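Everything below concerns the one structure shown next.
Since the model is a prediction, treat every value here as computed from it, not as a measurement. What's counted below: heavy atoms across the whole structure, side chains too, no hydrogens, waters or symmetry copies.
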Amino acid sequence: MPKILINGKEIEFEPGMTILQACELAGVEIPRFCYHERLSIAGNCRMCLVEMDKSRKPIASCAMPATEGMNIKTNTEMVEKARKGVMEFLLANHPLDCPVCDQGGECDLQDQSLYYGVDKSRFSENKRFVSEKYMGPLIKTQMTRCIHCTRCVRFATEVAGVPEIGAIGRGEDMEITTYLEKSMESELSGNVIDLCPVGALTSKPYAFSARPWELKKTESIDVLDAVGSNIRVDTYGWEVKRILPRLNENINEEWISDKTRYSCDGLLKQRLDTPYIKKDNKLVKSSWDEAIDVIIKKIKETESSQIAGHLGDLVSLEGTLAFIKFFELLGSKNLEFREKKFYINPENKMNYLFNSSINGIEKSDLILLVGCNPRHEATILNARIRKTYRQNKTQIFSVGDPGDQTYEYKIIGDNTQTIKDIIEEKHEFNSILDKSKRPLIIIGESALELDTGGYIFEELKNFLLKKKLITDKWNALNILIQNASTVGALDLNILNNKQNSFEFFDNIKSKKFKILYLLNSDNFKFEKNDEFIIYQGSHGDRGAEIADVILPSAAYTEENGLYQNLEGRVQECRKASYPAGEAIESWKVFNKITYAYKNKNLFDSFNTLRDELFKKIINFKDINQLPNFKEPSKKINCNFKHEKIFINPIDYYFSNSISRSSKVMSDCRDIKLKILKSGTDN
């Protein structure tokens, strides 16, 4: 490996590294504003100046490639003077409003001016003023503070794939703006707030809410989709003030979706904080004892075969296991987690995972989307697909029309016949697939909802097995699950080994069930008949509206719990706040009911519950680790039917009970609908 001399210390570096990166290897911190390791190099701010032997002037270390034999100095008088000069230029037009700036306490300019700033200025001209820009309901602008680092511009173009932000004007008249002064049409737009090194772009919903040093910070994970993005939850007392991304190279890198970031105000609204019982067709406040007495009386009057339960989208592994154990106690096996009928084969864990892993997307050389819309179903996973498309020029094809994505793709068919032709190697796509060494096939729930869903999955799996593309080294078969609770529910055998059984849905339709227990289930649509409905959840959403008894429980930020993401990676969601009012944690609710019903607890403690859980998770290796690979043992034959593959649209900003309670998400949705309407009118 080549070597470079930094402050007299010899350092080995990888070819292609810049001087700034080599300095970081040497443990030398270089100040910077425009440079970011995930964005292209701009060389705008000049704050990273260093001294190089045989160079009369200081050089920008972020833009200069490191080469063998270079002698770099970062702590000389010339370097310090150059950096102070750059800082003086940056502060020449910067307003003195740190006391009222939301970036205060987390501002790169503030931090670096402490070391490189001076107590006087040589500029006598008036400070310039830049008018504010409109960037939608999420991003607050104060463009007079902007130092033209262009991080936001590069992020929008390169990572988000929505080139809506750019620079207009030249010199002192240069301004960063959205070209048409409209809301950013990206599900990742909030990340520009984290990238902005000054207070030019801040969070509009969070404005003037709190200072960073006042907040309690809890490392956790997001459960509003199945990706499992790593987040930090910042709370002030009981209230969740904001959610920020946490670095995880294997999942979300350092980005999160707008839904993850801004749905947190929904945690404060429309909360269930006390039990309710329906009397005279009206829900009235009750006590826990009274509500549980009503439930037990109803259970005792009903046969176990007529009691059913439905698991919602935000339930932890502990909540799921407690739910299953409770139904075992009742003697009922009528459990379901699917909101719609879609094919799933629980025989092998591989059958319901994103087997290539999110990080593995970057290694792929070909991607085929089958009945899925990654942009709305898994925004962060979609960002990884875009990254692969940009860096590796990976070809992307689709069966079905996924709509507007952040990368170019080619539709090769819109019906199940296309899948059959690929499996029988009669399609022109096969010649491209045969040249690929690491292809990805991503099957969405929309494809599995078809009558031919079983055929699509099983025959594609058999096809990939025949091509030796399902091995412990590379597994090309991927299912794009939408809900955070799905993988865990399947691992805990919620379907009781019933393959492709839609018995639950048929029984609902035929009015077989007398009691229906909804655990955080708000997206399951069915026609209510005479069922006695028990709803347990955190929000007064769709499930609570039809309930006869409501039991308040904790939201995901208010209890400890494990979740499995779509890759099968088990991660811990940590308690950052506490439940509202009389609400308690989900597993404790089942303990309460069981104790009143059978005079015993389901679990002695949370640790007992978690210990049992670890034994039941299939192919479990460790927390934050991918599961072990296990080859499929048997083939299943399914019937083919000619059908059109239609990708079901997702109400992105209203996809769960927390987001539906959020005013910010409601504003985003209204803007999105206006944009769609104006596009239709035109």
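- Checked by atom type, the side-chain pair N7/T74 shows a donor-acceptor distance below 3.5 Å.
- The closest side-chain donor-acceptor pair between N359 and N250 falls under 3.5 angstrom.
- In this structure, S659 and Y653 have side chains that are not in contact, with every pair of non-hydrogen atoms separated by 4.5 Å or more.
- Using a 4.5 Å cut-off on side-chain heavy atoms (C-beta onward), M17 and L25 make contact.
- Side-chain contact annotation: N252 with R384, donor-acceptor N/O pair under 3.5 Å absent.
- Under 3.5 Å, the side chains of N382 and T379 contain no donor-acceptor pair of N or O atoms.
- The ring of Y389 has its center no closer than 6.0 angstrom to the ring center of Y409.
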*asked:* Run I251 and N565 through side-chain contact (heavy atoms from CB on, under 4.5 Å) and show every step you take.
replied: CA-CA 10 Å; I251 301 175; N565 75 343; 4.0 Å; yes
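- Inter-residue side-chain proximity for I139 and K204 is flagged as unmet; no heavy-atom pair is nearer than 4.5 Å.
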*Derivation and outcome, side-chain contact (heavy atoms from CB on, under 4.5 Å), residues E68 and I4*: CA-CA 6 Å; E68 174 78 47; I4 188 172; over 6 Å; no
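- Classification of R128 and D173 as a salt-bridged pair fails, no side-chain N sitting under 4.0 Å from a carboxylate O.
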*Is there a side-chain contact (heavy atoms from CB on, under 4.5 Å) between R154 and C34 once you walk through the steps?*
CA-CA 10 Å; R154 285 174 283 149; C34 68; 3.8 Å; yes
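- The shortest non-hydrogen separation linking R83 to Y116 is NH1-OH, 3.3 Å.
- Salt-bridge annotation for E80 and K73: absent, with no side-chain N of the basic residue lying under 4.0 Å from a carboxylate O of the acidic one.
- No donor-acceptor pair under 3.5 Å is formed between the side chain of R569 and the backbone N or O of Q625.
- Remark: K672 does not engage E185 in a salt bridge, criterion side-chain N to carboxylate O under 4.0 Å.
- Side chains of D194 and V192 form no contact here, defined as non-hydrogen atoms less than 4.5 Å apart.
- Using a cutoff of 4.0 Å between basic side-chain nitrogens and carboxylate oxygens, D234 and R242 are scored as salt-bridged.
- The shortest heavy-atom contact between L224 and Y556 is CD2-CE2, 4.3 Å.
- Partner of I647 under the side chain to side chain contact (heavy atoms under 4.5 Å, CB included) criterion, chosen from V370, L369, N373: N373.
- Aromatic ring pairs are classed by plane angle as parallel below 30°, tilted from 30° to 60° and perpendicular above 60°; the pair F397 and F429 is perpendicular.
- A donor atom on one side chain and an acceptor atom on the other are found under 3.5 Å apart for E158 and S40.
- Between E253 and K387 there is a salt bridge, since a side-chain N of the basic residue sits under 4.0 Å from a carboxylate O of the acidic one.
- Considering all non-hydrogen atoms of both residues, N392 and E362 come closest at ND2-O, 2.9 Å.
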*Go through D225 and K259 one step at a time and tell me if the salt bridge (Lys or Arg N to Asp or Glu O under 4.0 Å) criterion holds.*
CA-CA 9 Å; D225 60 24; K259 183 162 61 175; 5.8 Å; no
*Can you list the steps and then say if R386 with E408 is a salt bridge (Lys or Arg N to Asp or Glu O under 4.0 Å)?*
CA-CA 9 Å; R386 170 162 174 81; E408 291 180 13; over 6 Å; no
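- Taking a 6.0 Å sphere around OH of Y115, one finds it holds 12 or fewer heavy atoms contributed by other residues, nucleotides or ligands.
- Judged by the 6.0 Å and 45° rule, R669 forms a cation-pi pair with F654.
- Taking 4.0 Å as the cut-off between side-chain N and carboxylate O, E24 and R32 count as a salt-bridged pair.
- Between R211 and C98, the closest heavy-atom pair is NH2-O, 3.6 Å.
- Looking at I11 and K9, their side chains come closer than 4.5 Å, going by heavy atoms from C-beta outward.
- No side-chain donor-acceptor contact under 3.5 Å links S577 and T557.
- Residues P15 and P2 form a side-chain contact, since some pair of their non-hydrogen atoms from C-beta on lies under 4.5 Å apart.
- With salt bridges taken as basic N to acidic carboxylate O contacts below 4.0 Å, one links R246 and E219.
- Between S356 and W474 the shortest side-chain heavy-atom distance falls below 4.5 Å.
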*Going through the checks in order, is the ring pair (Phe, Tyr, Trp, His ring centres under 6.0 Å) test met by F123 and F89?*
CA-CA 9 Å; F123 295 97; F89 270 114; 5.5 Å; yes
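- A pairwise comparison of heavy atoms in S257 and L188 identifies CA-CD2, 4.1 Å as the closest pair.
- Side-chain contact check for D365 and Q395: no donor-acceptor pair (N or O, by modelled atom type) lies under 3.5 Å.
- One finds no salt bridge joining D670 and K674 here, because no Lys/Arg side-chain nitrogen approaches an Asp/Glu carboxylate oxygen to under 4.0 Å.
- Counting only heavy atoms from C-beta outward, the side chains of I30 and Y35 never approach each other to under 4.5 Å.
- In this structure, a donor-acceptor pair under 3.5 Å is present between the side chains of E254 and H36.
- A donor-acceptor contact under 3.5 angstrom links the side chains of D222 and T260, judged on distance only.
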